Amino acid sequence: MLFFGKRKSAPLVQSSTEDWRKQWQDLVPPECRNVPVTVDGKTMTAYVQINHFVMMLQDGLLMQQGFFDVCAHFQRAGYHVIWLMRCTQDIAGGYLKLRKESGNECLWKWRKPTTNFGRWTSDNRYVTILLQYKPTPDGDLSRCTEHILQRVQWAESNDNSKMVPGRTEFATVGAPGTPAELSNWLHGGFMSSEL
């Protein structure tokens, strides 16, 4: 008698956090990387600062304790904050599940408490949250037209002050959906209605 078990999927292989950050920072000139921004005597460093954008890079979905403070700091300095998160490992680990995909729009569900997008979308008008839900290809991202990004549009939870495992979902749209589109945003080639 033969027994067939579930096929194990290959483990997710991705670049180190440092290499991943550098790849995204390479979208802008060297002088626009790791830029200190001082407001009211307090300085915070932006991974990317170009035009009226500040971009922060986070490896994973786990919400950083100071997320709101960091966003408020850069907003007080007059910047629109783009918070880009690599969540490929969260998808591979089953924490985040794609429920429905229609064109470039997606509906996601949290299976485990990793973060709280509900408050992010309601409390931060000048913050764009981008999820990198597929691995980045090798090479120059400014020329990459592969759809690997989704922008958070809205989130719903039974309690917006905290995560409710299995009962929180959020919607995303693929604009900008490619690194090349994001590069275009950062360099000023976007419509204000896209933000």
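Note that the structure is predicted; figures quoted are calculated from it, not measured.
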- Query: Out of curiosity, Gln58 CD to Gln132 CD, how far, rounded to the nearest 0.5 Å?
  - Reply: 12.5 Å

- Calculate, to the nearest 0.5 Å, the distance between atoms CE and CE belonging to Met56 and Met44 respectively. 8.5 Å

- Derivation and outcome, side chain to side chain contact (heavy atoms under 4.5 Å, CB included), residues Cys106 and Gln150: CA-CA 8 Å; Cys106 295; Gln150 286 280 307; 3.6 Å; yes

- Do Leu27 and Leu186 come within less than 4.5 Å of each other through their side chains, counting heavy atoms only? yes

- Message: Show the nearest heavy-atom pair for residues Leu141 and Pro137, with the distance to one decimal.
- Response: CD2-O, 4.1 Å

- Task: Locate the shortest heavy-atom distance separating Thr88 from Pro135; write the atom from each residue and the value.
- Result: CG2-N, 3.6 Å

- Query: Is any side-chain heavy atom of Tyr95 closer than 4.5 Å to a side-chain heavy atom of Cys87?
  - Reply: no

- Query: Short question: side chain of His73, backbone of Val37 - any donor-acceptor pair under 3.5 Å?
  - Reply: yes

- Message: Can you tell me how far apart OG (Ser142) and NE2 (His187) are? Round to the nearest 0.5 Å.
- Response: 8.0 Å

- Item | Heavy-atom closest pair, residues Gly188 and Asn51 | N-ND2, 3.8 Å

- Query: Of all residues at least two apart in sequence or in a different chain, which pass the ring pair (Phe, Tyr, Trp, His ring centres under 6.0 Å) check with Tyr133?
  - Reply: Trp108

- If you measure from CG on Leu57 to CD on Gln23, what distance do you get to the nearest 0.5 Å? 11.0 Å

- Check step by step if side chain to side chain donor-acceptor pair (under 3.5 Å) holds for Thr38 and Thr43. CA-CA 4 Å; Thr38 303; Thr43 302; 2.6 Å; yes

- Item | Nearest non-hydrogen partners of Ala180 and Thr145, listed with the distance | CB-CG2, 4.4 Å

- Query: Out of curiosity, Met55 CE to Trp83 CH2, how far, rounded to the nearest 0.5 Å?
  - Reply: 12.0 Å

- Query: Are Gln75 and Val81 close enough that some pair of their side-chain heavy atoms sits under 4.5 Å apart?
  - Reply: yes

- Task: Please tell me if the side chains of Thr172 and Leu131 come closer than 4.5 Å, counting only heavy atoms from C-beta onward.
- Result: yes

- Note on the structure: Between Arg33 and Val28, the two heavy atoms sitting closest are NH2-O, 2.8 Å

- Task: Check whether any side-chain heavy atom of Asn184 sits under 4.5 Å from a side-chain heavy atom of Pro176, and report yes or no.
- Result: no

- Query: With hydrophobic residues grouped by side-chain heavy-atom distances under 4.5 Å, do Trp185 and Val173 end up in a single group?
  - Reply: no

- Message: Applying side chain to side chain contact (heavy atoms under 4.5 Å, CB included) to Leu149 and Leu182, what does each step give before you reach the verdict?
- Response: CA-CA 9 Å; Leu149 300 173; Leu182 176 57; 4.2 Å; yes

- Verdict with reasoning, Arg76 to Asp40, per side chain to side chain contact (heavy atoms under 4.5 Å, CB included): CA-CA 9 Å; Arg76 280 194 302 275; Asp40 299 330; 4.1 Å; yes

- Nearest 0.5 Å please: distance from the CD atom of Glu181 over to the SG atom of Cys144. 10.0 Å

- Does the pair Arg21/Asp59 count as a salt bridge with the N-to-O cut at 4.0 Å? no

- Query: What pairs with Gln25 under side-chain hydrogen bond (donor to acceptor under 3.5 Å, both in side chains), at least two apart in sequence or on another chain?
  - Reply: Asn34

- Note on the structure: Applying side-chain hydrogen bond (donor to acceptor under 3.5 Å, both in side chains) to Thr45 and not counting sequence neighbours gives none

- Message: Under a 4.0 Å threshold between the charged nitrogen and the carboxylate oxygen, would Asp140 count as salt-bridged to Arg143?
- Response: yes

- Message: ring pair (Phe, Tyr, Trp, His ring centres under 6.0 Å), that's the test. Do His80 and Phe53 meet it? Break it down for me.
- Response: CA-CA 5 Å; His80 182 104; Phe53 291 111; 5.8 Å; yes

- Find out whether Leu84 and Tyr47 are in side-chain contact, i.e. whether some heavy atom of one side chain is under 4.5 Å from a heavy atom of the other. no

- Query: Less than 4.5 Å apart, any side-chain heavy atom of Ser102 and any of Leu107?
  - Reply: no

- Begin from the C-alpha positions of Trp24 and Thr136 and carry the test side chain to side chain contact (heavy atoms under 4.5 Å, CB included) through to its verdict. CA-CA 9 Å; Trp24 285 106; Thr136 50; 3.8 Å; yes

- Task: For residues Lys109 and Arg99, report the shortest heavy-atom separation together with the two atoms involved.
- Result: CB-CD, 3.3 Å

- Any side-chain heavy-atom pair of Val35 and Val48 under 4.5 Å: no

